[in-house]
Amino acid sequence: MDIPAFTYRQWVRRWNETLRGAYIQQLRAVGEEMFLLKIHTREKNVQLLIALPSILIESNHAYTPMEEQPGFVNATKKVLDNAKIEKIEQKGMDRILSFECDTIRIVFELFGEGNIIVTDTANV
(Lines give C-alpha, C1' and ligand atoms only; values in the text may rest on other atoms or scores of the structure.)
Protein backbone atom coordinates (compact mmCIF):
# COMPACT_ATOMS: atom_id res chain seq x y z
CA MET A 1 0.00 0.00 0.00
CA ASP A 2 1.42 3.36 -1.04
CA ILE A 3 0.21 6.58 0.52
CA PRO A 4 -0.07 9.31 -2.13
CA ALA A 5 2.36 12.23 -1.96
CA PHE A 6 -0.62 14.60 -1.78
CA THR A 7 -1.76 12.93 1.46
CA TYR A 8 1.70 13.41 2.95
CA ARG A 9 1.53 17.08 1.91
CA GLN A 10 -1.58 17.51 4.10
CA TRP A 11 -0.08 15.57 7.00
CA VAL A 12 3.19 17.55 6.88
CA ARG A 13 1.19 20.78 7.11
CA ARG A 14 -0.66 19.48 10.18
CA TRP A 15 2.47 17.98 11.76
CA ASN A 16 4.24 21.33 11.45
CA GLU A 17 1.44 22.85 13.50
CA THR A 18 1.32 20.11 16.14
CA LEU A 19 4.90 18.75 16.32
CA ARG A 20 7.07 21.85 15.89
CA GLY A 21 8.88 22.40 19.19
CA ALA A 22 8.19 18.84 20.35
CA TYR A 23 10.93 16.42 21.37
CA ILE A 24 11.72 13.02 19.93
CA GLN A 25 11.64 10.51 22.75
CA GLN A 26 12.92 7.51 20.85
CA LEU A 27 13.08 5.52 17.65
CA ARG A 28 12.59 1.79 18.11
CA ALA A 29 12.12 -1.17 15.80
CA VAL A 30 8.78 -2.92 16.33
CA GLY A 31 9.06 -5.43 13.50
CA GLU A 32 10.92 -6.26 10.33
CA GLU A 33 11.34 -2.90 8.53
CA MET A 34 8.86 -1.31 10.99
CA PHE A 35 9.84 1.47 13.36
CA LEU A 36 8.07 3.62 15.91
CA LEU A 37 9.10 7.25 16.38
CA LYS A 38 7.80 8.52 19.71
CA ILE A 39 7.42 12.28 20.05
CA HIS A 40 6.51 14.28 23.16
CA THR A 41 4.57 17.52 22.73
CA ARG A 42 3.35 19.77 25.52
CA GLU A 43 -0.17 18.38 25.15
CA LYS A 44 0.40 14.69 24.44
CA ASN A 45 2.63 11.91 23.20
CA VAL A 46 2.50 11.10 19.49
CA GLN A 47 3.61 7.90 17.79
CA LEU A 48 4.59 7.79 14.14
CA LEU A 49 4.72 4.33 12.62
CA ILE A 50 7.24 3.91 9.82
CA ALA A 51 6.61 0.76 7.79
CA LEU A 52 9.23 0.69 5.06
CA PRO A 53 9.15 0.98 2.17
CA SER A 54 6.18 3.33 1.90
CA ILE A 55 4.25 4.19 5.06
CA LEU A 56 4.66 6.86 7.74
CA ILE A 57 1.46 7.42 9.73
CA GLU A 58 0.30 8.40 13.19
CA SER A 59 -0.69 5.41 15.28
CA ASN A 60 -2.31 4.85 18.67
CA HIS A 61 -1.58 1.13 18.68
CA ALA A 62 0.55 -0.16 21.58
CA TYR A 63 3.53 -1.70 19.78
CA THR A 64 6.07 -3.84 21.58
CA PRO A 65 9.67 -2.99 20.66
CA MET A 66 11.78 -5.83 19.31
CA GLU A 67 13.99 -7.38 21.95
CA GLU A 68 17.08 -7.07 19.76
CA GLN A 69 17.18 -3.62 18.17
CA PRO A 70 18.90 -3.27 14.78
CA GLY A 71 22.33 -1.65 14.66
CA PHE A 72 20.87 1.44 12.99
CA VAL A 73 18.57 2.09 15.94
CA ASN A 74 21.34 1.56 18.49
CA ALA A 75 23.79 3.73 16.53
CA THR A 76 21.38 6.68 16.35
CA LYS A 77 19.94 6.45 19.86
CA LYS A 78 22.10 9.20 21.37
CA VAL A 79 21.50 11.75 18.62
CA LEU A 80 17.77 11.09 18.19
CA ASP A 81 16.59 10.92 21.79
CA ASN A 82 15.50 14.41 22.97
CA ALA A 83 16.11 16.09 19.60
CA LYS A 84 13.83 19.12 19.28
CA ILE A 85 11.78 19.23 16.07
CA GLU A 86 12.12 22.59 14.31
CA LYS A 87 10.27 21.84 11.07
CA ILE A 88 8.94 19.05 8.91
CA GLU A 89 9.15 19.24 5.13
CA GLN A 90 8.14 17.25 2.12
CA LYS A 91 10.56 17.43 -0.80
CA GLY A 92 8.46 18.70 -3.69
CA MET A 93 5.64 16.27 -4.36
CA ASP A 94 7.85 13.25 -3.68
CA ARG A 95 7.35 10.80 -0.85
CA ILE A 96 10.43 12.14 0.91
CA LEU A 97 9.82 13.64 4.35
CA SER A 98 12.44 15.50 6.35
CA PHE A 99 12.25 16.15 10.09
CA GLU A 100 14.70 18.93 10.85
CA CYS A 101 15.70 19.04 14.51
CA ASP A 102 18.03 21.28 16.48
CA THR A 103 21.10 19.09 15.87
CA ILE A 104 20.05 16.39 13.41
CA ARG A 105 17.86 15.74 10.40
CA ILE A 106 15.87 12.56 9.80
CA VAL A 107 14.90 11.87 6.20
CA PHE A 108 12.30 9.24 5.33
CA GLU A 109 12.37 7.96 1.75
CA LEU A 110 8.98 6.32 1.30
CA PHE A 111 9.39 4.74 -2.12
CA GLY A 112 11.41 1.94 -3.74
CA GLU A 113 12.90 -0.12 -0.91
CA GLY A 114 12.41 2.75 1.56
CA ASN A 115 15.06 4.29 3.74
CA ILE A 116 15.65 6.25 6.93
CA ILE A 117 18.62 8.62 6.86
CA VAL A 118 19.93 10.39 9.96
CA THR A 119 22.46 13.18 9.47
CA ASP A 120 23.59 16.31 11.24
CA THR A 121 21.96 19.50 9.99
CA ALA A 122 25.15 20.54 8.15
CA ASN A 123 25.01 17.44 5.89
CA VAL A 124 21.77 17.96 4.04
Side-chain angles (χ1 to χ4, degrees):
M1 174 180 128
D2 287 343
I3 296 173
F6 181 76
T7 301
Y8 283 121
R9 170 78 59 208
Q10 302 305 314
W11 290 348
V12 165
R13 185 175 297 144
R14 187 169 54 83
W15 289 338
N16 264 305
E17 293 171 6
T18 60
L19 299 181
R20 187 179 295 170
Y23 291 89
I24 295 175
Q25 289 182 313
Q26 59 182 217
L27 174 72
R28 298 295 179 262
V30 294
E32 190 67 31
E33 298 298 315
M34 289 181 60
F35 302 89
L36 196 63
L37 185 67
K38 293 185 178 184
I39 300 170
H40 178 71
T41 71
R42 289 183 182 181
E43 294 81 30
K44 62 181 180 176
N45 291 325
V46 175
Q47 295 186 134
L48 298 179
L49 176 67
I50 303 103
L52 296 177
S54 60
I55 297 174
L56 192 155
I57 59 172
E58 285 187 48
S59 175
N60 291 325
H61 183 74
Y63 291 92
T64 302
M66 293 174 60
E67 205 167 295
E68 291 289 323
Q69 291 291 307
F72 166 77
V73 171
N74 292 329
T76 60
K77 186 176 186 331
K78 277 188 176 180
V79 295
L80 285 179
D81 292 0
N82 293 314
K84 184 178 181 180
I85 299 172
E86 294 181 347
K87 70 178 173 180
I88 302 168
E89 296 181 319
Q90 179 180 16
K91 301 300 179 184
M93 282 304 288
D94 288 327
R95 291 188 320 242
I96 300 173
L97 305 182
S98 174
F99 283 58
E100 189 172 321
C101 300
D102 49 355
T103 57
I104 56 104
R105 175 173 289 145
I106 311 165
V107 178
F108 300 96
E109 295 176 340
L110 303 170
F111 59 90
E113 294 181 20
N115 207 358
I116 301 173
I117 301 163
V118 176
T119 182
D120 62 31
T121 54
N123 294 316
V124 181

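When reading the values below, keep in mind they use all heavy atoms of this one structure, side chains included, and skip hydrogens, waters and symmetry mates.
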Roughly how far, to the nearest 0.5 Å, is CD1 of I39 from CD of Q47? 10.0 Å
Between [X] and [Y], which heavy-atom pair has the shortest distance, and what is it?
X: K91; Y: S98; result: CE-CB, 4.1 Å
X: V12; Y: I88; result: CG1-O, 3.4 Å
X: I116; Y: I106; result: CG2-CG2, 3.9 Å
X: Q26; Y: D81; result: CA-OD1, 3.3 Å
X: F35; Y: P70; result: CE2-CG, 4.4 Å

Under 4.5 Å between side-chain heavy atoms, hopping through other hydrophobics if needed: is there a path connecting V107 to L56?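 Hydrophobic grouping puts V107 apart from L56.
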Check K84 with E86, please: is the shortest side-chain N to carboxylate O separation under 4.0 Å?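 No, E86 and K84 are not salt-bridged.
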May I ask you to decide if [Y]'s main-chain N or O and [X]'s side chain share a donor-acceptor pair within less than 3.5 Å?
X: R28; Y: T64; value: no
X: E58; Y: V46; value: no
X: Q10; Y: R14; value: no
X: Q69; Y: N74; value: no

Please verify the inter-ring angle class for W15 with F99; under 30° counts as parallel, over 60° as perpendicular, anything in between as tilted.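 Rings of W15 and F99: tilted, as their planes differ by 30° to 60°.
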